[in-house]
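Sequential numbering from 1 along the given sequence is applied to the chain's residues. Order of listing sets the numbers, starting from 1, for every ligand and every atom in it.
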Amino acid sequence: MILVTCTTGKTGQAITRALVSSGKQVKAMVRKVKSAQTAREMGAADVIMADLANKDEVLNAMEGVSAVYYVAPNMDPNERLNGENIISACQSENINHLVFHSVLHTQIEALPHHWERHFVEQSIINSGIPFSILQVGSYMQNMLPMWEKMLESGIHRMAYDTEAPMSLVDLEDVAEVAVKIIDNSNFFNGIFEIAGPSITLLEKAKILTSILGRKIIAEKQPLAQFLEHGKAIGLSKYTLSMMSKMFPYYDKHGLVGSDKVLEWILGRRPTTFDEFVRRIAAS
Ligand SMILES: NC(=O)c1ccc[n+]([C@@H]2O[C@H](COP(=O)([O-])OP(=O)(O)OC[C@H]3O[C@@H](n4cnc5c(N)ncnc54)[C@H](OP(=O)(O)O)[C@@H]3O)[C@@H](O)[C@H]2O)c1
């Protein structure tokens, strides 16, 4: 049985559905009763309520588990504690394989939520548990919550420079990787960059315009406006402080990796933004 953490978030759902579809037995770790129901609907064979910051609850979640797919909460001040709890529980229960769903380029100190992951990755490497670290780029799917608004306004708006290159990856490709590597000793003790082809907001807007058959322009949302909106919708102070560092970094450097490792693992080239938009438009 494979334990998947943060099962009902954007990432956890994609990974859980893919593992279940491939015939794997998934034990879902959730925090809320409502999330437990969602996990069962996704086909999880077992569901356990646990908070990653609670060492005993995490250890308890390992019962009957042989491998762990660790999705960490997004921008969490307890990043290192959560990681230590997962690692020590895996060690106690002699888990066969720990997959850490990390982020692209954890070496970047200017991105504190990446940099914190760097320490969790170090602890995993030193843990003695057979591991695989996936350093995953930003998802193409991140624009979906704004899709309708974009169609209404004709503006694809993000809080970073319209010419900043980003190696966006299709979350469906990432989920396919999860199925290929879990419990697969060929991937033990390796770090794998999971990034798609690089693209800018301006290039995305051109593709959206041509596929959707209506003019979409790219626009940078001023950071102050983004943060004000984030505060209004209840994002935590910690998340807002991470974002206030992330977007200026993206302005200057973008976030670009190589898509060759993903191509090698998938055995085909990664999904392009063009293909992603066609799929979403058709659905
Ligand atoms: N989004 C991207 O583009 C992207 C790209 C690469 C990597 N990632 C990584 O993927 C991970 C998940 O991101 P996401 O965008 O999928 O996040 P998300 O949709 O916000 O989901 C976060 C999940 O974490 C759970 N959670 C939060 N705190 C928890 C805790 N203390 N104990 C147990 N569960 C907890 C939440 O459960 P509740 O519903 O109970 O709050 C929720 O299910 C992050 O580590 C992120 O860095 C994301």
> Go through the side-chain N and O atoms of Asn186 and Asn184 and say whether any donor and acceptor fall under 3.5 Å apart.
yes
> Who's touching ligand 1 if we go heavy atoms under 4.0 Å?
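The answer is Cys6, Thr8, Gly9, Lys10, Thr11, Arg31, Lys32, Ala50, Asp51, Leu52, Val71, Ala72, Pro73, Asn74, His101, Ser102, Val103, Arg117, Val136, Gly137, Ser138, Tyr139, Asn142, counting any residue whose heavy atom sits under 4.0 Å from ligand 1.
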> Is it true that His101 and Tyr69 share a donor-acceptor pair across their side chains at a distance under 3.5 Å?
yes
> Pairing donors with acceptors under 3.5 angstrom, does anything connect the side chains of Asn74 and Lys10?
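No donor-acceptor contact under 3.5 Å links the two side chains.
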> Run the side chain to side chain donor-acceptor pair (under 3.5 Å) test against Glu148 and tell me which residues pass, sequence neighbours left out.
none
> To which residues is Ile155 joined in a hydrophobic cluster, defined by side-chain heavy-atom contacts under 4.5 Å among Ile, Leu, Val, Met, Phe, Trp and Tyr, whether direct or through other members?
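Traced through the cluster, Ile155 reaches Ile217.
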> Would you mind listing every ring pair (Phe, Tyr, Trp, His ring centres under 6.0 Å) that reaches into residues 119-144, with sequence neighbours excluded?
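Found Trp115-Phe119.
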